[in-house]
Amino acid sequence: MVESNHPTVALQKPFPPQPSKLEMLREKWRPALLYVVSTAQFFDIVNGASVSVAILPIAQDLHFTVPQVLWILNAYTISFAGLLLVSGRLGDLFGHRRMFMFGLFWFALWALVVSFSTSPIMFILARALQGMGAAATVPTAMALIATTYPAGPERTKAFSIFGAFGGLGAIVGILLAGGLIASIGWVWIFRISAIAALILLALSFIVIPITPAKAEKPKVDYLGAITATTGVTGIVYYIITGLEYGWGNAKTIPVFVVGLALIALFIFIESRVQSPLMPLRIWKIKSFTTSVALAFVSMAKFQGIIYYVNMTFQEVYEWSPIKTALGFLVHALLAVVVFAVLGRILPRLPLKPLILTGFLLRSVTALMFSFVNEHTSYWALPFPAFIIHIFGVGLSLLPIQITAVRDAENKDQGLVGALYNTGLQLGAPFGLAILNVISISTNGNTAGAVRGGPALAKGFHNAFYAMIAMGLFGFFLALVILPWDKPVRPAVHKNVSTPSLASTAVPAHSASTIEPKDLEEVVSSSEVVVGKPVSAGNDIDTSTIGSDSEKFDRTDDLEKGRL
């Protein structure tokens, strides 16, 4: 027998080094990652919701003047929204684990400082710095989930749990504030947040795996970061202060114009620089672009419902803060059940019909609250309206979040999370600003008085009518623009042995360097399914969420590292 001039050799993996005890502990605790990042978001939202309830006690204790009161909320909102994009992208460049843990530390530090505030200025500055920590944790939390769980049922279930923690946080914040204000004081809102963040920081060190450093030093688009941060900050400032000063006032219009000009400059810069902060390719993904717009509308409506139901309980029903908190209890408890169930069934259902149904249910909720007056029983309208609302939020907001991250590459997940959350953060103050204009002008209360009793019900009703319109707008936006998707199918198990790359014979001269075309020849003998890596001896999971980018050429996939 004549031997070949090109003998074949088997590709073999080098013997892996023994993991350290810390690495073994991280591997054992890795399933807890989802709950650590979800709890971080939970406390971010709890903190914000609690402060919205505690505005009056904080203002009284620290002697805020009337113009300063709005900054109890505004300082945090502006810094949070303004820094989301930069923080999310820095996570992509320098590591999501590092940015997430920094955010927890920064959030805890300044939450503690806020709790010891002795003046309005100290409170506002510390609160703004605390918002920077939240801006670092939320988008990187989404990115950690998206890069840890593969697209399909696992990622869908993970984001359902993540969304459930967020929705629950908004309600628990109200309950917590009511209890703390009535007992040990508002300062413990921030001290509890600081303690929780430090505990999560310690757990993050264990449960979040360390990713290897990049070979090349990341390049930071400093000019893009400056223009994006100042531009978004200016727009958010205009939205949330326009109600106080007037949106055509000389104090607000210049800030808005400058903000828009900076955003335009930012987009121009991103189209020219070599390593942009926000690669414009991300907006070419139709599902992502639509999801950001839907997130804006969804949060505008959600914030409106929470705020005006709270005002209805305290003004129309004339309930105390603690009784108001108990009124929201059914909403909080049902959220746990609904989101847990949705986490199991969403992977098997198309998302677009769920989003459409969710927006319609949320419009029904607003319609029901529009009939509430001082003589209406809580059990007759608010109680069933809460039940409908939590189903509507679950069926719309969770699928929107899943759709936003669905088609983006892992290297862009921090950016995707940041832009998605920017949509949420812009939607919340914008929605409240519009609704407050409608409510106050309808009541003839141009002075903006807070207390007014059941007489304010007329303005509240008109605000709920506007929320019905928001829900219908979200419905038609999703119907017309959002791509149709396919339900995720269970994995197909076949009794076909998949050859391992490690045992596949290839020419010796090509063993050290394998081109994509060579690799395609190696795997062409077996059935390759997009969405999961090729692995030896394992069944291949064919599950994926359908989208416009679901089908693409195999050679392109190999070159992009998707197989």
Side-chain angles (χ1 to χ4, degrees), residues 44 74-96 98-100 102-103 106-107 128-143 146 218-242 252-285 288-293 295-296 299 404-405 408-409 411-430:
D44 283 340
N74 292 351
Y76 183 87
T77 303
I78 290 174
S79 65
F80 183 31
L83 290 167
L84 274 170
L85 178 57
V86 174
S87 299
R89 195 54 177 168
L90 288 177
D92 287 333
L93 295 176
F94 296 99
H96 301 125
R98 182 181 301 175
M99 185 59 61
F100 180 78
F102 167 77
W106 197 258
F107 181 88
L129 290 166
Q130 186 191 8
M132 294 171 59
T137 57
V138 174
T140 49
M142 289 183 63
K219 298 179 180 178
V220 180
D221 176 14
Y222 292 104
L223 188 57
I226 294 171
T227 53
T229 301
T230 52
V232 172
T233 300
I235 293 172
V236 176
Y237 173 87
Y238 172 77
I239 292 174
I240 64 181
T241 60
T252 56
I253 280 291
V255 177
F256 181 60
V257 172
V258 171
L260 288 179
L262 287 171
I263 292 297
L265 177 60
F266 168 68
I267 295 173
F268 175 78
I269 292 170
E270 300 310 280
S271 66
R272 295 291 187 271
V273 297
Q274 185 177 3
S275 301
L277 181 73
M278 183 188 73
L280 299 182
R281 65 173 183 274
I282 199 72
W283 296 105
K284 295 180 181 179
I285 304 175
F288 167 73
T289 304
T290 310
S291 296
V292 173
F296 179 93
M299 186 51 68
V405 303
E409 299 179 28
K411 65 180 181 179
D412 292 329
Q413 286 295 340
L415 174 64
V416 167
L419 291 171
Y420 173 82
N421 279 281
T422 300
L424 294 177
Q425 292 304 312
L426 290 175
F430 181 81

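The chain is numbered in sequence order, starting from 1.
When side chains are defined from C-beta on, Ile269 does not count as touching Ile267, because their heavy atoms never get closer than 4.5 Å. Considering only heavy atoms from C-beta on, Asn421 comes within 4.5 Å of Met142 through its side chain.
Once rounded to the nearest 0.5 Å, the distance linking CG of Asp221 with CG of Leu223 reads 6.5 Å. The CD1 atom of Ile235 sits 11.5 Å away from the CZ atom of Phe430 when rounded to the nearest 0.5 Å.
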Check the pair Leu426, Leu424 against side-chain contact (heavy atoms from CB on, under 4.5 Å), reporting the backbone distance first and the verdict last.
CA-CA 6 Å; Leu426 290 175; Leu424 294 177; over 6 Å; no

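In this structure, Met299 and Ala428 approach most closely via the heavy-atom pair CG-CB, 3.7 Å. In plain terms, the two heavy atoms of Leu277 and Ala225 that are nearest each other are CD2-CA, 3.7 Å. The two residues Thr229 and Thr233 have their closest heavy-atom pair at O-OG1, 2.6 Å. Among all heavy-atom pairs drawn from Ser87 and Ala136, the shortest one is CB-CA, 3.8 Å. Across all non-hydrogen atoms, the minimal contact from Ala404 to Ser291 is N-OG, 3.5 Å. Thr230 approaches Thr227 most closely through the heavy-atom pair OG1-O, 3.4 Å.
The residue from Leu84, Thr289, Leu85 that alone fulfils the side-chain contact (heavy atoms from CB on, under 4.5 Å) condition with Leu419 is Leu85.
Evaluation of the salt bridge (charged side-chain N to carboxylate O under 4.0 Å, His left out) rule for Arg98 yields no partner, not counting sequence neighbours. Listed by chain and number, the residues in a side chain to side chain contact (heavy atoms under 4.5 Å, CB included) with Ile253 are Tyr238, Val257 (sequence neighbours excluded). For Leu129, the side chain to side chain contact (heavy atoms under 4.5 Å, CB included) criterion is met by Trp106, Trp110, Met132, not counting sequence neighbours. Under the rule for a side chain to side chain donor-acceptor pair (under 3.5 Å), the partners of Thr137 that lie at least two apart in sequence or sit in another chain are Asp44. Partners of Pro276 by side chain to side chain contact (heavy atoms under 4.5 Å, CB included), not counting sequence neighbours, listed by chain and number: Glu270, Val273, Pro279. Applying the side chain to side chain contact (heavy atoms under 4.5 Å, CB included) test to Val292 and every residue at least two apart in sequence or in another chain returns Trp283, Phe288.
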Show which side-chain atoms of residues 76-83 pair as donor or acceptor with protein atoms under 3.5 Å away, not counting sequence neighbours.
residue : atom : partner : partner atom : Å
Thr77   : OG1  : Leu73   : O            : 3.1
Ser79   : OG   : Ala75   : O            : 3.3
Ser79   : OG   : Tyr76   : O            : 3.2
Ser79   : OG   : Ala128  : O            : 2.7

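Residues in residues 252-261 take part in no side chain to side chain donor-acceptor pair (under 3.5 Å) pair, two or more places apart or across chains.
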